[in-house]
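Notes follow the structure.
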Amino acid sequence: QVQLVESGGGSVQAGGSLNLSCAASEYTYSRNCLGWFRQPPGKEREGVAAISPGGGGSLYADSVKGRFTISRDNAKNTVYLQMDSLKAEDTAMYYCAAIGRFNSWCSLATTAYNYWGQGTQVTVSS
């Protein structure tokens with residue numbers, strides 16, 4: 001069964017950093033677009049960043065541009081989200097996800113993704 005497992009969440013003060021990881025098991029995602037999403041309490045899930053299968057292309061939500069960096073290591077079947085200059089409004093459950101179709105265009109739309117992890121909580125205190 002396809003499985004994505006996030007880690008690296010936690011509590012941090014505003015201005016701090018966290019590095020999230022998402023490892024895939026039972027499947028190799030080297031030909032799939034991977035993305036990070038977040039869902040703040042009481043709000044809808046939103047796209048944060050996405051990265052192309054080869055890692056050469058990436059997308060970012062305007063709210064995180066210049067602060068977050070998505071990367072991937074296909075040899076380790078892992079995608080990362082480096083989050084710097086964190087703000088209180090970054091507080092959310094963070095999820096990684098994969099688009100099922102090989103070599104598709106990446107997107108920040110939740111509906112484009114077929115496989116999801118269980119999430120890791122990020123809490124930023126001001």
Side-chain angles (χ1 to χ4, degrees):
Q1 183 175 342
V2 173
Q3 201 168 22
L4 296 167
V5 180
E6 302 95 337
S7 61
S11 296
V12 64
Q13 293 212 334
S17 298
L18 285 173
N19 189 23
L20 306 184
S21 299
C22 175
S25 62
E26 306 299 327
Y27 189 79
T28 298
Y29 284 101
S30 60
R31 291 186 289 171
N32 301 80
C33 178
L34 300 174
W36 284 98
F37 296 78
R38 67 185 181 187
Q39 188 165 14
K43 296 185 179 180
E44 292 188 353
R45 194 171 299 188
E46 61 182 9
V48 175
I51 188 166
S52 62
S58 56
L59 298 171
Y60 293 94
D62 288 343
S63 59
V64 306
K65 281 181 181 176
R67 300 189 299 121
F68 290 11
T69 303
I70 189 170
S71 62
R72 65 189 295 166
D73 185 339
N74 285 340
K76 296 182 178 180
N77 222 20
T78 301
V79 61
Y80 306 95
L81 185 68
Q82 176 65 40
M83 305 187 295
D84 298 317
S85 302
L86 283 161
K87 304 175 181 179
E89 50 263 44
D90 294 320
T91 294
M93 184 71 79
Y94 282 72
Y95 301 88
C96 70
I99 292 179
R101 193 172 66 179
F102 293 156
N103 298 314
S104 69
W105 290 105
C106 284
S107 169
L108 293 180
T110 58
T111 53
Y113 289 76
N114 306 99
Y115 306 111
W116 293 84
Q118 294 300 306
T120 185
Q121 177 67 38
V122 171
T123 302
V124 184
S125 57
S126 56

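Nothing fancy with the numbering, it's 1 onward along the sequence. Side-chain atoms are counted along with the backbone in the values below, which use heavy atoms only and exclude waters and symmetry mates.
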For residues 106-114, dump all side-chain donor-acceptor pairs below 3.5 Å to protein atoms at least two apart in sequence or in another chain.
from, atom 1, to, atom 2, distance (Å)
S107, OG, A109, N, 2.9
Y113, OH, S107, O, 2.6
N114, OD1, G100, N, 2.5

Are L34 and I99 connected in the hydrophobic side-chain network, where two residues link if heavy atoms are under 4.5 Å apart? no

Hydrophobic clustering (ILVMFWY, side-chain heavy atoms < 4.5 Å, transitive) - are Y94 and Y115 grouped together? yes

Determine whether the aromatic ring centres of F37 and W116 lie less than 6.0 Å apart. yes

The side chain to side chain donor-acceptor pair (under 3.5 Å) partners of N74 (sequence neighbours excluded) come to R72

How about [X] and [Y]: do any of their side-chain heavy atoms sit closer than 4.5 Å?
{"X": "F102", "Y": "N32", "result": "yes"}
{"X": "L86", "Y": "F68", "result": "yes"}
{"X": "Y95", "Y": "L4", "result": "no"}

Would you compute the distance between atom [atom1] of [X] and atom [atom2] of [Y] and round it to the nearest 0.5 angstrom?
{"X": "I51", "Y": "C33", "atom1": "CD1", "atom2": "SG", "answer": "8.5 Å"}
{"X": "N77", "Y": "T28", "atom1": "CG", "atom2": "OG1", "answer": "5.0 Å"}
{"X": "N103", "Y": "S52", "atom1": "CG", "atom2": "OG", "answer": "9.5 Å"}
{"X": "D73", "Y": "S30", "atom1": "CG", "atom2": "OG", "answer": "11.5 Å"}

Pairs under 3.5 angstrom only: tabulate donor-acceptor contacts from the side chains of residues 117-126 to other protein residues two or more places apart or in another chain.
from, atom 1, to, atom 2, distance (Å)
T120, OG1, G9, N, 3.2
Q121, NE2, A92, O, 3.4
Q121, NE2, T123, OG1, 3.4

Could you list the residues that satisfy salt bridge (charged side-chain N to carboxylate O under 4.0 Å, His left out) with R67, not counting sequence neighbours? D90

With a cut-off of 3.5 Å and sequence neighbours excluded, list every side-chain donor-acceptor pair involving residues 57-64.
from, atom 1, to, atom 2, distance (Å)
Y60, OH, I70, N, 2.9
D62, OD1, K65, NZ, 3.1
S63, OG, R38, NH2, 3.4

Quick check: closest heavy atoms across P41 and T91, and the distance to 0.1 Å? CD-O, 4.1 Å

Counting only N and O atoms by type, is there a donor-acceptor contact under 3.5 Å from the side chain of E6 to the main-chain atoms of C96? yes

Which residue pairs satisfy the salt bridge (Lys or Arg N to Asp or Glu O under 4.0 Å) criterion with at least one member in residues 115-126, sequence neighbours excluded? none

